[in-house]
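The structure appears below as C-alpha cells.
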Protein chains: 2
Amino acid sequence: MRRLLIKKGQVVQIPGETQTKAYYVESGLLRSYVIDQKGREYIFMFAPEGWLIADSTPPELPGELFIDALEDSTLKVFEKGTEHNNDDRPKLIKRLGVLQKRVIQLMSASAIERYEHFIDTYPNITQRVPQRMIASYLGITPEALSKVKGEKARGK
Amino acid sequence: MRRLLIKKGQVVQIPGETQTKAYYVESGLLRSYVIDQKGREYIFMFAPEGWLIADSTPPELPGELFIDALEDSTLKVFEKGTEHNNDDRPKLIKRLGVLQKRVIQLMSASAIERYEHFIDTYPNITQRVPQRMIASYLGITPEALSKVKGEKARGK
DNA sequence: TGGCCGCATTAATCTAGATTAAGAATTTCA
DNA sequence: TGAAATTCTTAATCTAGATTAATGCGGCCA
C-alpha cells in the first residue's frame, strides 16, 4: 500500500485498465467520471477527505471511469482484492448507501429536488467545485442548473 | 441465520424499519422498490437466484425500500453487521459494480439504450416479469417502453 | 496590462419522454 | 367458466430539460 501526493488536475486513472486500484482520500478532493461518445462528461462521484474512490467495474472487464484530482490531494492507494481491504468494509457499505440514494433520486426526483438534496448532503463540496460539475453530477446541463437556481432564489 | 419460504406477492420488508435485513435468494425472484408521494413505483433492483437483496440505507436511518417476491422463493436471511457476512464481500462488490453501471446509464443513456442494455444483461428476467416492471426499473413509463419496442421491431 | 479562456447566466427553440385517454389482450380467481 | 382486474398498445397533447447562441465576468499568465 503506497501513499500518493497529487496536484490539482492530475489524472490518476483512465478507462480501459483492468488492474484498477482503490484510493483512500486523506486530504483534498477527487472525482470519478465517464466521457461518452459525444464527448459529454458525467461525474459519477466526488470523494473528499475520508472517502474511498474506485472504479467498481467487475475485475475481468476494462474499467470505465476517469479519476482525477480537483484539489491538491494525498491518497492511500490500495491494490484491490488483497486481504487488508477488510478494514474498509464499512466504507463499501457507505458507498452502497450513497449509490442506492443516487439511483432512486435519478429515477424519481426532478432536477430541482436533486439539487436540493445535493446541497443538503454535500454542503461543503458546493463551495469547492464549479457549478458545471455539480450539474454534471446531477445529470443535467449547466444551463438547466442555472435556471433552477434562479427560480429558487426568486421565490421558487 | 434463518431460511425463509415465501409466496409470490409476499412482502418481506417495508420502508421505515431501522433493523433491516439482507436476503440471499436461493431460488425465485425478488424485487426492491420505492413508492413516491404521488404513488409512483420505482424498481430499484431485481434479485434472481444467487443474488443478495437488501436496503443499503445507513443503519441509523429508517429504510426506504419495499422488498417483495415476484415468484415463490426461498431465502436465507442475514442480520446485518454480523461477522459471517465476510463471505459475501464479493457479493457486495458485485452490487457496487451493478449500481455504478446503473447510475452511469441513468445519467448518460437514452431510454432505448437502457432497454437494450437491460435485455443484454438480464435476458432471463425479461421473460419473468411484466413489461411495466422493466419500464419501472429503467426509469420510464410503460407507454414509453411500448413505443420504444415498437420502433425497434419495425426496423429501428 | 491586456488578451484569452473557462465559467456563469439568460433567452429562444426543440425534443424525449410524461401524461392522458381509449381500446384490445391476457391473467386471475370465485 | 366467466367476470373483473391487470397488462399492453397506440395516439394526441404537454412539459422538463436539452440545445444553441449570445453576453458578461473574472482569473491567469505572457
Side-chain angles (χ1 to χ4, degrees), chain A residues 7-9 29 31 33-43 46 68-72 104-119 125-156, chain B residues 7-10 29 31 33-43 46 68-72 105-119 125-156:
Chain A
K7 287 275 165 206
K8 174 173 175 168
L29 178 62
R31 64 165 177 166
Y33 59 103
V34 294
I35 299 183
D36 74 6
Q37 316 73 347
K38 284 156 204 138
R40 275 186 273 254
E41 185 181 295
Y42 300 88
I43 293 182
F46 293 110
D68 67 14
L70 300 178
E71 301 174 356
D72 294 354
I104 292 171
Q105 289 258 328
L106 284 170
M107 288 201 297
S108 69
S110 66
I112 312 91
E113 292 166 331
R114 299 207 297 276
Y115 176 63
E116 293 182 334
H117 176 258
F118 181 85
I119 56 182
I125 292 186
T126 313
Q127 324 310 129
R128 293 160 72 181
V129 307
Q131 222 54 254
R132 44 167 285 272
M133 289 195 186
I134 295 175
S136 169
Y137 179 91
L138 297 176
I140 60 178
T141 59
E143 293 84 353
L145 180 51
S146 206
K147 199 197 311 191
V148 155
K149 283 182 59 186
E151 283 159 9
K152 212 169 89 89
R154 89 183 65 87
K156 219 146 221 168
Chain B
K7 287 274 164 206
K8 175 174 175 167
Q10 197 172 330
L29 178 62
R31 65 166 176 166
Y33 58 102
V34 294
I35 299 183
D36 75 6
Q37 316 74 346
K38 284 154 205 140
R40 275 186 274 255
E41 185 181 295
Y42 300 88
I43 293 183
F46 294 109
D68 67 14
L70 300 178
E71 301 174 356
D72 294 355
Q105 289 259 328
L106 284 170
M107 288 201 297
S108 69
S110 67
I112 312 91
E113 292 166 332
R114 299 206 296 279
Y115 176 63
E116 294 183 334
H117 176 258
F118 181 85
I119 56 183
I125 292 187
T126 312
Q127 323 311 128
R128 292 160 71 181
V129 307
Q131 222 54 254
R132 45 167 284 271
M133 289 195 187
I134 295 174
S136 170
Y137 179 91
L138 297 176
I140 61 177
T141 59
E143 293 84 354
L145 180 51
S146 206
K147 200 197 310 191
V148 155
K149 283 182 58 187
E151 283 159 8
K152 213 169 88 88
R154 89 183 65 86
K156 219 148 221 168

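One can place CG of L70(A) at 15 Å from C1' of dC7(C), the figure rounded to the nearest angstrom. Atom CG in L106(A) sits about 12 Å away from atom P in dG17(D), given to the nearest Å. We find that CD1 of I112(A) is positioned 14 Å from P of dT15(D), with the value rounded to whole Å. Computed from coordinates, the R114(B) CZ to dA16(C) C1' distance equals 10 Å when rounded to whole Å. I134(B) has its CD1 atom 13 Å from the C1' atom of dT7(D), to the nearest Å.
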Expected string for nucleotides 18-29 of chain C under the B/S/- scheme (protein heavy atoms, under 4.0 Å, primed atoms plus P, OP1, OP2 as sugar-phosphate) is SBBB------S-
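Remark: the backbone N or O of P142(A) is not paired with any side-chain donor or acceptor of R132(A) at under 3.5 angstrom. Under a 3.5 Å cut-off, the side chain of S136(A) and the backbone N or O of E41(A) do form a donor-acceptor pair.
Atom CG in L145(B) sits 6.0 Å away from atom OH in Y115(B) (nearest 0.5 Å).
Residue I134(A) forms a side chain to side chain contact (heavy atoms under 4.5 Å, CB included) with just one option from I119(A), T126(A), I43(A), I125(A), and that option is T126(A).
Ion pair D72(A)/K7(A) flagged as a salt bridge, since at least one NZ, NE, NH1 or NH2 atom sits closer than 4.0 Å to an Asp/Glu carboxylate oxygen.
Mapping V148(A) and V129(B) onto DNA chain D by nearest heavy atom places V129(B) at the nucleotide closer to the 5' end.
Note: F118(A) and Y137(A) have tilted aromatic rings, judged against thresholds of 30 and 60 degrees for the angle between ring planes.
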